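When a ligand or atom number is given, it counts from 1 through the structure's own listing order. Bear in mind that the values here come from a model prediction, so they are computed numbers and not experimental data.
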Amino acid sequence: MVTLADLQVKTLGAPRFDSPLASYVEGRATNQYYVAESDRILMDDTVELVQGRDVPWEEIATFEAGGPRARLFFPPRTTRAAIVTCGGLCPGLNNVIRAVVRALDDHYGVPEVLGFRNGYAGLDPESGLEPVVFTRESVADIHERGGTVLGSSRGARDPGVMVDTLVRHDIDILFVVGGDGSMRGAHVIHEEIERRGLEIAVVGVPKTIDNDIPHIGQSFGFQTAFAKAAESITAAKVEAQAAVNGVSIVKTMGRHAGFIACYSALAAQTASFVLIPEVPFAMDGPNGLLAHLRRRVADRGYAVIVVAEGAAQELLAEAAGGATDASGNAVLVDPARYVLERIRADYAERDEVVTLRYFDPGYTIRSVPADPADAVYCARLAQTAVHAAMSGRTDMVVGRRRHRFVNVPIPAVTKRAHNVSPDGDLWLSVLESTAQPLSMT
Ligand code: ATP
Ligand code: MG
């Protein structure tokens, strides 16, 4: 259970400087722009949840409000900040970089930001990557492009070496834009900073195309990604409808969380079955996928199956053989290929025709530029991160809850993953808009 103590954001110390934002909004009652330290956002959605926790009112779990503070820990103008992007690509990375650079310049008069290249590798001199210097001019157009202008990478680096690099470059604030692994890395860097008694803030902007990080509302780029995936589902339906007994299979991202599969299926409204990691299913037997699919194809003449990349792993555990990538993440066996081959064999066995099509929008959805809604979200998350860092907050990430931007401690977001609940209303919506039975086990 998450407690109020788990949601307390760390600071480097008492604030020491007045925010220059006062002059920026000259002539107005500037106080309304500042966030009060007492401003907190409720974690629970319902009265029942709050009551169920059985804790006194003043100990109810709440998040710290994000936003500009009247008093800063770091001095405006002379603070030195750096940014790094790690892990897989996601729409909006360049928007975040641009907004961090712009927010530091616009609000705090910090004219340049260092960019460490290729993820944490750029913080290790052994990789020979010199950082780039971002200015407001150099980032002017980068948000129009997908990917990350800094590059990214996987693979572990020594936190001691990375902190040495921060010290050598005289960095006061490190912004880390990355997924669960990157945030674990950011926490380890923070621990090393703390161990040495340094005054360096580490603030994360969580990046996960799978939307699998808890407490942050929705991750940036997610909306762009599922909209793109939905286009493939629509194309898959057109193909399937045009073929004799057409069965199209669309593989989506989603290693451990089926959010992209669910949202893209809901967006396209044409999927017959959605297979996600959180909901196990059987292929065989009277209630297995093959039997339901045969009925569906017989009824409608075609079917579309959306498969998250992490689905059916329990059926495929043996084939994976425990292989891992450079960051230690398990290499998954492609469940969409597996499902496709099983369908092919099933129809062949019955001597019936089936026309199979395989769609993998995977890397395409990661590399597109952010859509307008995500562009807004990225900019505002980045601004929230800059405000938090300038006020001396550290070991934290930014997110959005109940339409409010919030600061959340890194350990709270790395302790567990955010998943589609098989008992929740999202999965129910998916079941309602597919031909899928409540259970296929
Ligand atoms: P995504 O999974 O969304 O692509 P990610 O941030 O989870 O993004 P990873 O490749 O798992 O991607 O991790 C990114 C970086 O964080 C890598 O350089 C990796 O070595 C580092 N990292 C991952 N886990 C840890 C950890 N527990 N401690 C320190 N560093 C870590
Ligand atoms: Mg990850």
- Is the shortest side-chain N to carboxylate O distance from Lys10 to Glu194 below 4.0 Å? yes
- Message: Would Asn329 count as a polar contact of ligand 1, with the cut-off being nitrogen or oxygen pairs under 3.5 Å?
- Response: yes
Pick whichever of [options] has a heavy atom sitting closest to [atom].
atom	options	answer
atom 17 (C) of ligand 1	Gly155, Cys86, Gly185	Gly155
atom 13 (O) of ligand 1	Gly181, Ser219, Gly179	Gly181
atom 3 (O) of ligand 1	His256, Arg157, Lys207, Met253	Lys207

- Message: When you measure from the side chain of Ser421 to the backbone of Asp423, do you find a donor-acceptor pair of N or O atoms at a distance under 3.5 Å?
- Response: yes
- Distance-only, no hydrogens or angles: does the Asn94 side chain make a donor-acceptor pair with backbone N or O of Arg145 under 3.5 Å? yes
- When the aromatic ring centroids of His215 and His418 are compared, is their separation below 6.0 Å? no
- Which residue pairs satisfy the salt bridge (charged side-chain N to carboxylate O under 4.0 Å, His left out) criterion with at least one member in residues 117-134, sequence neighbours excluded? Asp124-Arg157
- Message: Just to be sure I read this right, does ligand 1 sit under 4.0 Å from the backbone of Asp325, its side chain, both, or neither, counting only heavy atoms?
- Response: neither
- Query: What do we get for Ser182 next to ligand 1 when only non-hydrogen atoms under 4.0 Å count, side chain, backbone, both or neither?
  - Reply: both
- Item | Identity of the N, O or S atom of Asp180 lying closest to the Mg ion (ligand 2) | OD1
- Task: Please could you name the atoms of ligand 1 that Gly88 approaches to less than 4.0 Å, counting only its heavy atoms?
- Result: 1 (P), 4 (O), 8 (O)
- Message: Using a 4.0 Å cutoff against the non-hydrogen atoms of Gly87, which atoms of ligand 1 qualify?
- Response: 4 (O), 8 (O), 12 (O)
- Message: Starting from atom 7 (O) of ligand 1, what is the nearest protein heavy atom, named by residue and atom, and what distance separates them?
- Response: Asp180 OD1, 2.5 Å
- Message: If you define the side chain from C-beta out and look only at heavy atoms, does anything of Cys90 sit under 4.5 Å from Lys207?
- Response: yes
- Under the ring-ring contact (aromatic ring centres under 6.0 Å, His included) rule, collect the residues that match up with Phe73, sequence neighbours excluded. none
- Message: Would you say the Mg ion (ligand 2) has Asp210 as a near neighbour, meaning an N/O/S atom of that residue under 2.8 Å away?
- Response: no
- Geometric class of the Phe222/Tyr263 ring pair [parallel <30°, tilted 30-60°, perpendicular >60°]: perpendicular
